[in-house]
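A short worksheet on the structure shown next.
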Amino acid sequence: MKKTIAALVLGLSAVSVANADVMIDVRNDTSDDCSLAINARTDKTKWVTQGWYVFASGEEAPIILKGINDIHNVYIYNDCKKNVTSPKTETKKAWVKSNYKFVDDTPREKEPGYEEVTFERIQSDKYQIQN
């Protein structure tokens, strides 16, 4: 009887981990309106890219990523930041829809209306847009 209960508890905890969400607090410290796109791993082999989250100058708000269970698997691109990254920052390239809100769970490499940008791995649950 104890083995059955233990297996049930383990099964329930595995389900709750898979359905976890990640919340990122974003603050725009620039004088411009900025847009964010996010590239995140949803499981061992699948990634989702979504955007655009628009933040006015001085705005601060959370982004909740459904089905993403580890903040270390989240990369962010913002259109206000100059292309200067620290050598220690881990980056990856992904394709984003140029002008419209989007959610893509399949790569959109070289498709019309998409452009390739460099995403930076997020370091914590707080993200500041700075120039």
Side-chain angles (χ1 to χ4, degrees):
M1 189 70 154
K2 288 182 182 179
K3 289 181 184 179
T4 305
I5 293 171
L8 180 61
V9 171
L10 289 174
L12 289 175
S13 86
V15 169
S16 65
V17 170
N19 292 328
D21 299 335
V22 166
M23 186 174 85
I24 303 167
D25 289 315
V26 179
R27 187 171 75 218
N28 182 357
D29 287 339
T30 72
S31 57
D32 298 318
D33 291 353
C34 300
S35 299
L36 294 179
I38 295 179
N39 183 258
R41 188 165 52 198
T42 58
D43 68 22
K44 290 182 182 180
T45 61
K46 293 183 183 174
W47 291 80
V48 63
T49 305
Q50 58 193 34
W52 293 103
Y53 298 94
V54 181
F55 288 85
S57 176
E59 183 177 4
E60 185 172 349
I63 295 175
I64 298 172
L65 303 172
K66 300 273 185 198
I68 308 300
N69 59 12
D70 187 354
I71 195 146
H72 294 93
N73 292 326
V74 176
Y75 291 75
I76 291 185
Y77 166 79
N78 79 66
D79 63 0
C80 282
K81 187 173 182 177
K82 296 179 175 50
N83 290 334
V84 179
T85 57
S86 164
K88 295 180 182 179
T89 304
E90 188 176 340
T91 62
K92 74 180 298 243
K93 293 194 179 234
W95 292 79
V96 296
K97 185 107 174 128
S98 301
N99 296 321
Y100 301 102
K101 195 169 191 168
F102 68 95
V103 175
D104 293 325
D105 58 2
T106 56
R108 302 292 181 175
E109 186 175 340
K110 298 181 183 175
E111 286 191 24
Y114 282 80
E115 64 178 302
E116 187 177 40
V117 298
T118 302
F119 287 77
E120 295 180 5
R121 183 184 291 270
I122 193 164
Q123 302 298 315
S124 75
D125 61 352
K126 300 196 182 308
Y127 181 77
Q128 282 182 277
I129 305 169
Q130 299 173 320
N131 274 347

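For reference, positions follow the sequence shown, starting with 1.
Interatomic distance, Glu109 CD to Glu116 CD, rounded to the nearest 0.5 Å: 7.0 Å. Taken from CH2 in Trp95 to OG1 in Thr49, the straight-line distance is 12.0 Å, to the nearest 0.5 Å. Rounding to the nearest 0.5 angstrom, the gap separating the CH2 atom in Trp47 from the CD1 atom in Ile68 is 9.0 Å.
For the side chain to side chain donor-acceptor pair (under 3.5 Å) test with Tyr75, the passing option among Glu90, Lys93, Glu120, Arg41 is Glu90; the others fail. Each of Asp21, Ile38, Asn73 was evaluated against Leu65; a single residue qualifies, Ile38, per the side-chain contact (heavy atoms from CB on, under 4.5 Å) test.
Every residue meeting the side chain to side chain donor-acceptor pair (under 3.5 Å) condition with Lys92, not counting sequence neighbours, appears here in chain and number order: Asn39. Remark: Tyr127 engages Asn78 in a side chain to side chain donor-acceptor pair (under 3.5 Å) (not counting sequence neighbours). Shown here are the side chain to side chain donor-acceptor pair (under 3.5 Å) partners of Asn28, two or more places apart in sequence or in another chain: Thr30. Looking at residues two or more places apart in sequence or on another chain, you find a side chain to side chain donor-acceptor pair (under 3.5 Å) between Asp70 and His72.
The nearest pair of heavy atoms linking Phe119 to Val117 is CE1-CG2, 3.4 Å. Shortest non-hydrogen contact noted between Ile71 and Ser124 is CD1-O, 3.6 Å. In terms of heavy-atom proximity, Asp43 sits nearest to Thr45 at OD1-N, 2.8 Å.
For the pair Asp32 (side chain) and Cys34 (backbone), a donor-acceptor distance under 3.5 Å is absent. In this structure, Ser35 contributes its side chain and Val54 its backbone to no donor-acceptor pair below 3.5 Å.
The shortest distance between side-chain heavy atoms of Asp105 and Thr42 does not fall below 4.5 Å.
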Query raised in the report: Step by step, would you call Asp25 with Met23 a side chain to side chain contact (heavy atoms under 4.5 Å, CB included)?
Result: CA-CA 7 Å; Asp25 289 315; Met23 186 174 85; 4.0 Å; yes
Requested in this report: For side chain to side chain contact (heavy atoms under 4.5 Å, CB included), just list the numbers for Ile122 and Ile24, CA-CA rounded to whole Å, side-chain angles, deciding distance to a tenth of an Å, and then say yes or no.
Outcome: CA-CA 9 Å; Ile122 193 164; Ile24 303 167; 3.6 Å; yes
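Cluster membership check: Phe102 does not share its hydrophobic cluster with Ile64, using side-chain heavy-atom separations under 4.5 Å among Ile, Leu, Val, Met, Phe, Trp and Tyr.
Identified under the side chain to side chain donor-acceptor pair (under 3.5 Å) test for residues 50-59, with sequence neighbours left out: Gln50-Tyr53.
Annotation for Tyr100: hydrophobic cluster partners, listed by chain and number, are none (ILVMFWY side-chain heavy atoms under 4.5 Å, direct or chained).
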